[in-house]
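Throughout, a chain's letter reflects where its sequence line sits, starting with A, and its residues are numbered from 1.
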There are 2 protein chains.
Amino acid sequence: MRVLLYLSVRPSGLSTIQEISDAYGISKNHLMKVVQQLGELGWVETVRGRNGGLRLAERSRALTIGEIVRRTEKDFAIVGCFGDRAEGQQGCVIQPQCRLRGVLAAARDAFLAELDRHTVGENANPANELARLLGIASVPIPAAGFVPGREPGPNET
Amino acid sequence: MRVLLYLSVRPSGLSTIQEISDAYGISKNHLMKVVQQLGELGWVETVRGRNGGLRLAERSRALTIGEIVRRTEKDFAIVGCFGDRAEGQQGCVIQPQCRLRGVLAAARDAFLAELDRHTVGENANPANELARLLGIASVPIPAAGFVPGREPGPNET
């Protein structure tokens with residue numbers, strides 16, 4: 001999610017894993033696995049080579065947070081009886097009549113439904129502020145030289 | 001939750017950890033920790049001694065599943081920035097402007113709100129069927145000898 005936000009507020013060009021690692025203080029090793037998965041899902045485009053890097057696939061701005069969580073989180077089995085059971089593994093004896101299971105499934109669905117109400121693009125705001133916090137310098141300056149006034153952020157004097 | 005359901009459908013008298021362990025196939029060691037916590041929360045009453053055991057505290061039928069989950073699950077920090085941070089530990093650099101955090105908090109709240117809509121008493125139904133699946137034999141027979149007709153369960157011939 002943080003990689004997608006980083007790439008969303010980067011105005012143009014390619015980013016490197018090193019830059020994202022530095023910006024968030026996330027280990028490069030971990031980020032490499034994340035970026036590989038984002039590439040396989042088609043949400044991030046990678047350009048190989050010396051001047052290579054990453055950029056957000058255009059359609060990723062419309063991705064919902066719910067879709068991202070569903071496709072990247074491995075385990076939504078909040079109780080044992082939701083998961084796949086290996087053959088011979090004992091199930092829960094009350095399962096045929098258990099209402100609690102339905103209650104927990106409804107709660108999981110409510111969690112994801114709330115996440116479905118929001119997109120990557122919407123969360124990549126305020127873009128200038130996020131870019132500043134991430135140390136992304138090349139925020140485009142409007143041609144007329146006009147920069148909209150804003151309150152100083154907490155780390156500014 | 002399963003201990004509370006067991007005690008809810010047990011018509012009278014005291015249950016032992018051994019009985020509950022046998023009924024669900026849950027280890028006695030694990031159950032002892034669970035029951036201790038349920039006792040400390042006042043949801044279960046324990047009677048010590050040779051003929052001792054457990055019973056549901058009367059008010060526990062009105063407990064919501066949400067309240068149980070809130071009081072017994074240790075960690076609702078679904079992302080690192082929700083938790084308490086040890087001094088000196090690095091936070092997330094975009095936190096001052098991050099909207100995703102609010103989205104994830106709203107999803108967590110939607111999960112718990114759904115669980116708040118249901119009580120232990122409501123989930124301890126159908127009581128006779130649950131008691132039968134749990135091997136609880138002493139289901140009370142109405143004085144007039146009338147047993148309401150019902151469809152045979154899946155494990156009955």
*Would A:Ile26 and B:Val79 show up in the same hydrophobic cluster when neighbours are defined by side-chain heavy atoms closer than 4.5 Å?*
yes
*A:Ala124, A:Ala106, A:Gly135, A:Ala107: which one forms the most heavy-atom pairs within less than 4.5 Å of chain B?*
A:Ala107
*At a heavy-atom separation under 4.5 Å, does A:Leu5 approach chain B through its side chain, its backbone, both, or neither?*
side chain
*Near A:Glu58 CD, under 6.0 Å, is it more than 12 heavy atoms from other residues, nucleotides or ligands?*
no
_What verdict does the side chain to side chain contact (heavy atoms under 4.5 Å, CB included) test give for B:Leu133 and A:Gln97, after you've listed the backbone C-alpha separation in whole Å, the side-chain angles of each residue and the deciding distance to 0.1 Å?_
CA-CA 8 Å; B:Leu133 290 168; A:Gln97 295 285 346; 3.5 Å; yes
*Decide whether B:Val9 and B:Leu14 are clustered together by the hydrophobic rule: side chain heavy atoms of Ile, Leu, Val, Met, Phe, Trp, Tyr closer than 4.5 Å, transitively.*
no
*Counting only heavy atoms closer than 4.5 Å, note whether B:Arg2 contacts chain A via side chain, backbone, both or neither.*
side chain
*Mark yes or no for whether B:Arg99, through its side chain, and A:Asn125, through its backbone, hold a donor-acceptor pair below 3.5 Å.*
yes
*asked:* Could you walk me through whether A:Met1 and B:Leu100 satisfy the side chain to side chain contact (heavy atoms under 4.5 Å, CB included) test, starting with their C-alpha distance in whole Å, then the side-chain angles of each, then the deciding distance to 0.1 Å, before giving a yes or no?
replied: CA-CA 9 Å; A:Met1 219 96 78; B:Leu100 191 56; 3.2 Å; yes
*Contact part of A:Ile94 toward chain B, heavy-atom cut-off under 4.5 Å: side chain, backbone, both or neither?*
both
*Interface moiety of B:Ile78 toward chain A, non-hydrogen atoms closer than 4.5 Å*: side chain
*Sort B:Asp109 into side chain, backbone, both or neither according to what part of it lies under 4.5 angstrom from a heavy atom of chain A.*
neither
